[in-house]
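What follows is a single structure, written as structure tokens, with notes after it.
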Amino acid sequence: MTRGKMDPGPNPFCYRDGILTCEDVAADVIAEAVGTPCYIYAGNEITRNLKAYQDAFRDLPHLVCYALKANPSLAILSHLVRRGAGFDAVSGGEIAKALAAGADPARIVFAGVGKTGEEMHAALVAGIRQFNVESVPELKALDDIACSLGMVAPVALRVNPDVRAQTHRKITTGMAENKFGIDFANILEVWRMAGEMAHIRTQGLALHIGSQILSLEPYRAAFNRTAELVSNLRKQGETVESLDIGGGIGIAYQHEAGLPPAIADFARLVGETLGDLDCELIIEPGRSMIGPAGILIATVLYVKETADRRFLILDAALNDLLRPAMYDAWHDLIPFREADPESRWTPHDVVGPICESSDTFARDRLLPSLSAGDRVAFLHAGAYGASMASEYNCRPLVPEVMVSGDRFSQIRSRPTIEDMIKRESIPDWLSQDPDDPNEEP
Ligand SMILES: *Cc1c(COP(=O)(O)O)cnc(C)c1O
């Protein structure tokens, strides 16, 4: 089996003459123009990753639907629309963003365990490709809303295949104990129930067993169970036209922790297990499309030495990149200036300024000597980075930049503190006299 990088294309973030560059732009130029912290995405790398999926699946009828939740930047969505991607959305907001980026509604799939009536209504009116339905009550609600509109809702039933995905417990989704999907054993019954609903058209099955999976084995187990289910449904006279096989493979955050399978091997497995079923396949990669295409850049504020530790205090924090605090995730950290081969690497605790001990990006990370004002970059930060960012500690939402060759543009600007204050309001009655009858004494 071929193991290694996602795609053997050129690395968009590398040193040229000892200076970190993003495609053909020096990272310093972006840092000077936009300030830090800031996300930078390499447009050509996004294209390569999409093409890797499209090429690997070219012998099977398929649609690659980028999972917006990994990074819903309008510019990235627009970039993907132009290259033939469909979209996997998990909220009405994501559907609206995909449409705003010019996506064809017939290429949008709507997943998620808690769709509201309003979201289903808007998605029906927009004419999306498919609702991935996760429960009987959701199916009934969708049937009612479609009825009120005089429409028929295209549906895939999301099956919970009950396999262990061998990933972090917070991102496994395909075990019986998880909140996702319909129990494997109940699919036939629910399919029949759906068949009796006048405003539902069940076209297929959907599954998603988790994220950041580095082994093909859990997929093999889930796909084999799904193939068996399709045969059973067909034996009962049901028509199964499509299979949505969920998110993409994991990425190489840390080489020591294992490397992901090649996309071609993943596609081969899909062909072996599901290829003979004559179903249209939907693949929903998020992380593997955008993760390796993004970095978070930051500036060293202080190097603080205590009795037994050396802290690297950055201007980036967990509100900008939550993954280390939330999932104990590893992100490689590299300086903008390539380290002198002679320099001594020492352990550092890499932290942000937020008042939480969990605002720690790395412990005992070996780094060359750095000083206040030096800049650094977290690698593989394009997915679940900016999309999970917040304004905790009244820190402005982190800006984003996209690079293509020697061009770069800000695709989301950093709000000013004035912008942030203007979004809020103080009720008039707060300033009323203290004898206000609504006020407790
Ligand atoms: C999160 C999610 C994805 C994307 O997963 P990645 O691991 O980022 O590729 C795809 N489909 C569904 C239903 C999801 O919840």
Side-chain angles (χ1 to χ4, degrees), residues 4-52 71 73 75-76 79 83 251-256 259-260 288-300 303 312 314-316 320-321 330-346 348 350 361-362 365-383 385-386 398-412:
K5 234 177 87 63
M6 291 284 313
D7 173 59
N11 182 354
F13 306 107
C14 58
Y15 292 113
R16 286 191 198 165
D17 300 326
I19 305 282
L20 181 65
T21 57
C22 313
E23 297 199 5
D24 301 328
V25 183
D28 275 315
V29 172
I30 298 172
E32 293 296 335
V34 179
T36 59
C38 167
Y39 278 94
I40 303 174
Y41 309 116
N44 288 310
E45 174 75 6
I46 302 172
T47 308
R48 269 195 295 278
N49 295 338
L50 173 63
K51 259 185 79 38
N71 189 320
S73 153
I76 290 171
H79 184 83
R83 287 158 183 81
I251 63 175
Y253 286 110
Q254 186 186 13
H255 285 250
E256 292 75 17
L259 296 178
S288 47
M289 292 261 281
I290 187 68
I295 61 173
L296 172 67
I297 61 170
T299 304
V300 176
V303 180
L312 196 66
L314 304 180
D315 64 354
D320 306 306
L321 178 62
W330 173 286
H331 284 274
D332 282 333
L333 182 66
I334 62 168
F336 273 30
R337 303 262 163 286
E338 191 167 20
D340 186 319
E342 304 295 301
S343 67
R344 215 164 68 83
W345 293 54
T346 55
H348 292 69
V350 183
F361 292 111
R365 182 69 63 93
L366 284 178
L367 291 168
S369 165
L370 289 162
S371 324
D374 286 347
R375 294 186 181 120
V376 293
F378 290 100
L379 304 185
H380 300 105
V398 59
E400 298 171 277
V401 164
M402 191 161 167
V403 177
S404 179
D406 60 3
R407 295 171 300 185
F408 75 94
S409 290
Q410 230 183 121
I411 57 173
R412 184 174 75 186

Practice problem: Provide the closest heavy-atom pair for Leu321 versus Gly385 in the form atom of the first, atom of the second, distance. | Solution: CD1-CA, 4.0 Å
Quiz prompt | Residue pair Asn71 / Tyr41, side-chain donor-acceptor N/O under 3.5 Å | solution = yes
Quiz item: OG/Ser409 to CZ/Arg407 distance, rounded to the nearest 0.5 angstrom?
Solution: 8.0 Å
Quiz item: Is there a donor-acceptor pair under 3.5 Å between the side chain of His380 and the backbone N or O of Ile251?
Solution: no
Self-check item: Separation of Ile295 CD1 from Cys38 SG (nearest 0.5 Å)
Solution: 8.5 Å
Quiz item: Among all residues two or more places apart in sequence or in another chain, which pass the side-chain hydrogen bond (donor to acceptor under 3.5 Å, both in side chains) test with Arg412?
Solution: Glu400
Exercise. Check Thr299, Leu314, Ile334, Leu20 against Val376 for a side-chain contact (heavy atoms from CB on, under 4.5 Å) and give me the one that passes.
Key: Leu314
Self-check item: Close side-chain approach of Val350 and Phe378, heavy atoms under 4.5 Å
Solution: yes
Quiz prompt | Those residues that, when tested against Arg16, pass side-chain contact (heavy atoms from CB on, under 4.5 Å) (two or more places apart) | solution = Thr21, Asp24
Practice problem: Would you name the heavy atoms of Asn44 and Gly405 that are closest together and state the gap between them? | Solution: ND2-N, 3.6 Å
Exercise. Return yes if some donor-acceptor pair links the side-chain N/O of Asp374 with the main-chain N/O of Ser371 below 3.5 Å, else return no.
Key: yes
Quiz item: Within a strict 4.5 Å, meaning less than it, do heavy atoms of the Glu45 and Arg48 side chains meet?
Solution: yes
Quiz item: Hey, does Glu23 have a side-chain heavy atom less than 4.5 Å from the side chain of Pro12?
Solution: yes
Self-check item: side-chain contact (heavy atoms from CB on, under 4.5 Å) involving Ser343 - partner list, sequence neighbours excluded
Solution: Ala339, Asp340, Trp345, Pro368
Exercise. Report the residues that fulfil salt bridge (charged side-chain N to carboxylate O under 4.0 Å, His left out) with Arg83, sequence neighbours left out, ordered by chain and then residue number.
Key: none
Quiz item: What pair of heavy atoms forms the shortest contact from Leu296 to Ala381, and how long is it?
Solution: N-CB, 3.9 Å
Quiz prompt | Contact summary for Met289 and Asn49, nearest pair of heavy atoms | solution = O-ND2, 3.0 Å
Quiz item: Looking at residues at least two apart in the chain, or sitting in another chain, which of them share a side-chain contact (heavy atoms from CB on, under 4.5 Å) with Ala31?
Solution: Thr36, Ile297, Phe336, Arg375
Quiz item: Passes side chain to side chain contact (heavy atoms under 4.5 Å, CB included), Val300 versus Leu312? Steps please.
Solution: CA-CA 7 Å; Val300 176; Leu312 196 66; 3.8 Å; yes
Quiz item: What heavy-atom pair brings Phe13 and Ala42 nearest, and what distance separates the two atoms?
Solution: CZ-CB, 4.0 Å
Quiz item: Who are the side-chain contact (heavy atoms from CB on, under 4.5 Å) partners of Val29, not counting sequence neighbours?
Solution: Val25, Ala26, Phe408
Quiz prompt | Test log, rule side chain to side chain contact (heavy atoms under 4.5 Å, CB included), inputs Phe361 and His348 | solution = CA-CA 10 Å; Phe361 292 111; His348 292 69; over 6 Å; no
Quiz prompt | Asp28 and Arg337, any side-chain heavy atoms less than 4.5 Å apart | solution = yes
Quiz item: Which pair of non-hydrogen atoms, one from Val303 and one from Ala372, has the smallest distance, and what is that distance?
Solution: CG2-N, 4.4 Å
Self-check item: Distance (rounded to the nearest 0.5 Å) between Arg344 CZ and Leu366 CG
Solution: 10.5 Å
